[in-house]
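Input: a single structure, listed below in structure tokens.
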2 protein chains.
Amino acid sequence: MSSARLTETSYIVLGLLEQIGPATPYDLKRMAQVSTINFWNVPHTQLYTECARLAQQDLLNEEREETGRRRRIYSLTGLGRRALEDWRSEPTEQLDEVRDVGILKLFFGGDPAKLAGAQLEAHGRQLEACEQLLEQLDANGTDVPRGWRLALEAGMGHEREFVRFWSGLSGVGFDQAAAGSA
Amino acid sequence: MSSARLTETSYIVLGLLEQIGPATPYDLKRMAQVSTINFWNVPHTQLYTECARLAQQDLLNEEREETGRRRRIYSLTGLGRRALEDWRSEPTEQLDEVRDVGILKLFFGGDPAKLAGAQLEAHGRQLEACEQLLEQLDANGTDVPRGWRLALEAGMGHEREFVRFWSGLSGVGFDQAAAGSA
DNA sequence: CCTATCATGTAATCCGTTACATGATTAT
DNA sequence: ATAATCATGTAACGGATTACATGATAGG
């Protein structure tokens, strides 16, 4: 009913619910941890509030367990399903920024070599984690959605690009970094 | 005085002020448009409020024009300069996500080929804009800070990676995208 | 002189983060 | 049983986006 705008977080909730069916916010959290977490993390508290918000707009159905914990269980309504489909089927030209604190420090005069050391370390670990996740996906065979794999590969591409970029700076001192093209 | 935490936006303001000296928020906006804007945009209204906030913490000095518009002019205090230096000289292992709506749609089942079309278009334009900016930087020769160029090159690397990724999907229909490794 | 656009700012709203808190479940 | 960790949430706060609004400047 209320016409508050839908954010990316909204679509993450709608999309996850479409894939697993009725679930609690906590279920969504666990699911996100092995899927979107690599490129779009959403803290668990937001999943609770976002589910409630979407329910208010009749995009989700909300039920409560009769017994015990009385957890809230959410599922897509027809309206929610349509909102998701509309969003998904509309290609976007939106360009999102690669907001990276390491690059920001570099921009404002941080020491390239020192930054590169820390960043290479971190991105290397991240890349390994991605590779492990990829293996898991492969192990599960065909029942993992196409998009999961594609998004993971996209993320890994950027990780490799980060590694490439920082590698070029890792041996470079303060002075040499200034040198332009030969 | 008040001990509110400093955000990346704070450091952008501090950093820009270090480079141009005393300036109004509007000056900062114009400066950002030819420098950080490519990888970290900050809306102009935030520059006004952020300057005020930093002044309250004694990180910036605030003066007002005597005449006419009575614009506020900000400059770094010693405290501000030190805060910037501390932040900048501390390498970070922080990994920021590449939150991209196109990838998100892909993840949730958007059509790879359709998305690729729109995304290639947009990223292609962006890459061109980067190249033009790079030429401008080169034209200005040596008085453009080292970090500007490095950050721009980092951004361009990611743009090229986007192009590479979506290119791989542009000819792919709904069905073929499912095919794994041979 | 009138209009349009640029310049400059304020205020409200809302999302997202952080802090906190308690009920289950498992391990020892 | 008790401690520790996992599960499940609520509430406060603050930064960021959006909407609005008015004063200068330039073009016609």
Candidates dG9(C), dC15(C), dT10(D) - which lies nearest the side chain of Thr7(A): dC15(C)
Residue met sooner reading DNA chain C from 5', once Arg64(B) and His44(A) are mapped to nucleotides: Arg64(B)
Write down the distance between CD (Glu8(B)) and P (dG16(C)), rounded to a whole number of angstrom. 17 Å
Is any side-chain N or O of Thr9(B) closer than 4.0 Å to OP1 or OP2 of dA16(D)? yes
Side chains of Thr92(B) and Trp87(B), heavy atoms from C-beta outward: is any pair under 4.5 Å? no
Kindly determine whether Tyr48(B) and Tyr26(B) satisfy ring-ring contact (aromatic ring centres under 6.0 Å, His included), including the steps that lead there. CA-CA 8 Å; Tyr48(B) 288 93; Tyr26(B) 197 78; 7.6 Å; no
To the nearest angstrom, the CG-P distance between Asn41(B) and dT18(D) comes to 11 Å
Which residue, Arg125(B), His123(B), Gln119(B), forms the side-chain hydrogen bond (donor to acceptor under 3.5 Å, both in side chains) with Glu121(B)? Arg125(B)
Given atom CG of Leu47(A) and atom P of dC15(C), what is their separation to the nearest angstrom? 15 Å
Residue Arg71(B), side-chain atoms from C-beta onward, closest of dA7(C), dG16(C), dT18(C): dA7(C)
I need the CZ-P distance between Arg72(B) and dT8(C), as an integer number of Å. 13 Å
OP1, OP2 of dA7(C) versus side-chain N and O of Tyr26(B): anything below 4.0 Å? yes
So does Arg53(A) get a side-chain nitrogen or oxygen closer than 4.0 Å to the phosphate oxygens (OP1/OP2) of dC15(C)? yes
Would you mind reading off the distance between Glu50(A) atom CD and dT17(C) atom P, rounded to a whole angstrom? 12 Å
Applying salt bridge (Lys or Arg N to Asp or Glu O under 4.0 Å), name anything that partners Glu63(B), two or more places apart in sequence or on another chain. none
Whole-Å distance separating the NZ atom of Lys29(B) from the P atom of dG9(C): 12 Å
Atom CG of Asp27(A) and atom P of dA7(D): how far apart are they, to the nearest Å? 10 Å
In whole angstrom, give the distance that lies between atom CG of Leu28(B) and atom P of dT8(C). 11 Å
Polar side-chain contact Thr49(A)-dT10(D) base: donor and acceptor under 3.5 Å: no
So, does Gln46(B) get its side chain near the phosphate of dG15(D), meaning an N or O under 4.0 Å from OP1 or OP2? no
For a quick check, tell me whether the side chain of Thr45(A) and the base of dT18(C) share a donor-acceptor pair closer than 3.5 Å. yes
Rounded to the nearest 0.5 Å, what separates atom CZ in Arg53(A) from atom OG1 in Thr7(A)? 6.5 Å
